[in-house]
Amino acid sequence: MGRNPLQKTWVAVLIGALVLLPASLILTMSGCGQSGSSATSSSKAFAYSELADPSTLDPALVNEGAGVNIDRYVFEGLVSYDPHTGEAKPAVASSWDVNSDATEFTFHLNKGFKFSDGQEVTAADFIYAWTRALEPATASPTAPEVLGQIKGAEDLAQGKAKTLAGVSAPDKYTLKVTLVSPMSEFPAMLGHPVASPVPQKEVERAGSRFPEAPVGDGPFVVKEWQHNDHVLLEKNPQYAGTRKPKVDKVTVKIIPSATTAVAELKAGNIDAIKDVDPGQAVSLKNDSKVKYIQVNAGTVELIGFDVKKSPFDNAKLRQAISLLIDRKTIADKVIQGQSYPADGFIPTSVFGYQGGVLTGFDASKGAAMLASAGYRGGKRVPPLTLSYPSQGANTALIVQAVQSELKSAGIQVNLQQMDMNSFMEAMQSGKLGMFVVSWQSDYPGIGGFLQPLFDSADIGGNDVFNYSNPDVDKLIQKAMATTNAAQRNKIFTDAEKQIVSDMPAIPVVFGKDALVYAPRVTSFVYTPMGDIALDQVNVSD
Amino acid sequence: MPTLRFFLSRFAQMLLVLLGMVTILFVVIYLLVPGDAAQVMLGSKATPQALANLRHDLGLDRPLWVQYGRYLWRLVHFDLGTSYSLRQDVASAIMEYLPATAYLAGAALMIEAVFGIGWGMVMSLKRSRRLEALSAVSGAFLLAIPVFFLALLLQYIFASRLGVLPISGLGGWNPLNLILPATALAAAQAVIITVVTRTSLREEMAKPYILAARARGLTRSQAMWRHAARNALGPVATLLAIDLGSLLGGAMITEIIFSWPGVGRMTYFAIRERDVPLVIGAVLVLVTIFVVVNSLVDIFYGIMDPRQKAGERAVG
């Protein structure tokens, strides 16, 4: 045996296969951290699944659900959000003062907060983190939104300045912030990870490895991150805040297949699934082995118009379309309870929600409004094109329902599905007339909805409707300058009423998030910001 | 030096294939994939000004040929660029996922070889109708069933129902976690290897030199092991070598279903995120492995069997 060359090749290939296994193991041991350092039997551990790996854990860059959820508990900013109401509560800041027109904030920092490497958290760490996030080289997707109002932020972002002019630290525990224009909700924005302190020494030491195991000051530390497999968090022994975890370890398992995630949950390998596939909702609802919950999410689905384009420049036509949409049927029957009818632009879970500003479905009023718009019985309304992005199964169902409801009122709507990126590009460059907008604020406040979407200063940015009403602008600016929360929310609601009567966009439904968890989970809170509250979660022994 | 010339010509062919691959990928992604990296990096709330600035910084506002030229220039310096979505060096990102894919591909190749060749040998020796029927039916089933369905079926039976194997994940490189994904990945190819082994062995077993061996008193089994197998397994070896390349690249669905942190799954997310450098980098690495493995087999054949150099074999 063995002299034949062909047979030698066969043996060589088999040996190749045998070599691949140990070689891959050696590669792994040298390249990545050692995995599977499982919890000791006495510690409490909780595991949940996400569909996709976080793209980063650097707080300056983190922008999607999985990463933000983790970073909110690896870092602690000046404020953190109440897990039940979404209200911004003091965290690293013990309190803050604000001047009369909400342009200057002085944050007083708690002493004793430490990063997980033992360094103390001071005002300088915030200045460093915010400057770093705004620098053009960082290309942070969230810093312009959250920190862009700070004086000097624009110069820094455009490379015209090296420092952030609007922040200073009179002493280690005081941080003074000056904004370019009034923004009473500014502290509420600072619960986003991008506003968290980062330790300069550690960022510079770790370099490009910093996002792999970021050193933070939150209730958990990143113990290991095996990409596309899991992120292991452990209780931070240095943590000095009020969000004390009830479990010792949290594992975020990355499971891209919804079916696999359910199988893992039922087998007891994970305790919760964060994004339940709508297709599985019905069977999971009736499954006695798991607990299924639906939580109002802070998202709104709008049908927007370019109000400068005919025929959408006719406000009565826009109002008629709004009256002709049966939101309850869409929410209950079409998307089967995965959303609820919108009664304005502000979802109920948003802190300060007032509600009830929108007149719902009324076919006869809608027909009358259509007639007064000059289109009796829908006649002469040219065929409308409703564009929507291909992402999100529910969006497609919503637009199909709207199409059929408007058809019965005599209005022909053609649907145009577009790839997400093409859609965004077309919408922002003003190529679309009627389109779907899904909006979620970066912070739990009414201003996070009304200001970016409807303030005419944001035309060319997030005001994709080309909508401009000086009265609305004034009300929004006034609300932004009002430091009393109740008064501010009232002014915002007045602005919202005005926007609803102009109807540059029609609120259709507010989103709901569906989650499942195992019976061994004894405490489970899903926050209005769309996170599993990792400090609240608890499991039975 | 005919051997050196042969080696150099194969190497040149390999480089041409890779250059063609990069060019096609670059042009196809540039022309067909809408949107761009700046939008991915800055998210849906980015202002047009911020997008324009980032596009300029990344060179995305330059003409296609300039972008292509810059990419090639970096490539010859072994620089695959930076991933937009991971904001990480492409080469190191791929190296992070490659071990899991190699681990899975290696296991799948072993299953293919052991089961495919073993069963093929049994089938060529035992001429039982029942066995033939069983083999035909199960073979047709495994070939016809889509890999995602087989994966879910295996997962349901062995993990969810019987609970004898893990459902998904790498499990800290636990070999038990490897069994289901490797089996799902190997099943269809194992059938093909069975068929090729059986056919090839039967052809050999019918040749006069086997008859002569039998006449010297060897049993069928002895004749097969000592003589026929040597000659019959050539095509099987080629099949396995070609398959190693496709196993490394084609495990995308299996990796998703079994939450396997490999290159296939990474590529899937890279495509979703329009991460052009990462997609091209991943495909390039996989194609390089495929081409290198096949070229090595080719060169190996060439060295061992001088007839190959004369161009008798058409496989390139």
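When reading the values below, keep in mind they use all heavy atoms of this one structure, side chains included, and skip hydrogens, waters and symmetry mates. Residue numbering restarts at 1 for every chain, and letters A, B, ... go by the order of the sequence lines.
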Spatial distance of atom [atom1] ([X]) from atom [atom2] ([Y]) [nearest 0.5 Å]:
X        : Y        : atom1 : atom2 : answer
B:Ser92  : A:Arg209 : OG    : CZ    : 8.0 Å
A:Asp53  : B:Met266 : CG    : CE    : 11.5 Å
A:Thr260 : B:Ile167 : OG1   : CD1   : 8.0 Å
B:Ser259 : A:Ile254 : OG    : CD1   : 9.0 Å

Chain B interface, residue from A:Pro54, A:Ala258, A:Ala267, A:Ala139 that has the most non-hydrogen pairs under 4.5 Å: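 Looking at each option in turn, the highest pair count goes to A:Ala139.
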Most contacts with chain B, counted as non-hydrogen pairs under 4.5 angstrom, among A:Leu61, A:Ile255, A:Thr56: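 Answer, by heavy-atom pair count under 4.5 Å with chain B: A:Leu61.
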A:Pro256 versus B:Arg265: any side-chain heavy-atom pair under 4.5 Å?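 The answer is yes; the side chains approach within 4.5 Å.
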Any side-chain heavy atom of A:Lys266 within less than 4.5 Å of one from B:Ser160?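 Result no, sub-4.5 Å side-chain heavy-atom pair not found.
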Is it the backbone or the side chain of B:Tyr268 that comes under 4.5 Å from a heavy atom of chain A, or both, or neither?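 No part of B:Tyr268 comes within 4.5 Å of chain A.
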Answer with side chain, backbone, both or neither: which region of [X] has an atom nearer than 4.5 Å to a non-hydrogen atom of chain B?
X        : result
A:Asp58  : neither
A:Ile270 : neither
A:Thr259 : side chain
A:Ser140 : backbone
A:Ser208 : neither

Return yes when atom CD of A:Glu154 has more than 12 non-hydrogen atoms of other residues, nucleotides or ligands closer than 6.0 Å, and no otherwise.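 Counting other residues, nucleotides and ligands, CD of A:Glu154 stays at 12 neighbours or fewer.
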Counting only heavy atoms from other residues, nucleotides and ligands, does the tally under 6.0 Å from OH of B:Tyr156 exceed 12?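 Count not over threshold, so no.
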If the condition is side-chain contact (heavy atoms from CB on, under 4.5 Å), which residues does A:Asp458 pass it with, not counting sequence neighbours?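 Scan of A:Asp458 (side-chain contact (heavy atoms from CB on, under 4.5 Å), adjacent residues dropped) gives A:Gln451, A:Pro452, A:Asn462, A:Asp463.
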A:Ala52: which residues meet the side-chain contact (heavy atoms from CB on, under 4.5 Å) condition with it, sequence neighbours left out?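 Partners of A:Ala52 under the side-chain contact (heavy atoms from CB on, under 4.5 Å) test: B:Phe269.
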When you measure from the side chain of A:Glu264 to the backbone of B:Ser168, do you find a donor-acceptor pair of N or O atoms at a distance under 3.5 Å?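 Yes, A:Glu264 side chain to B:Ser168 backbone: donor-acceptor pair under 3.5 Å.
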Indicate yes or no for a side-chain donor-acceptor contact from A:Ser257 to the backbone of B:Ile256 under 3.5 Å, with no hydrogens or angles considered.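 Between the backbone of B:Ile256 and the side chain of A:Ser257 there is no qualifying donor-acceptor contact (under 3.5 Å).
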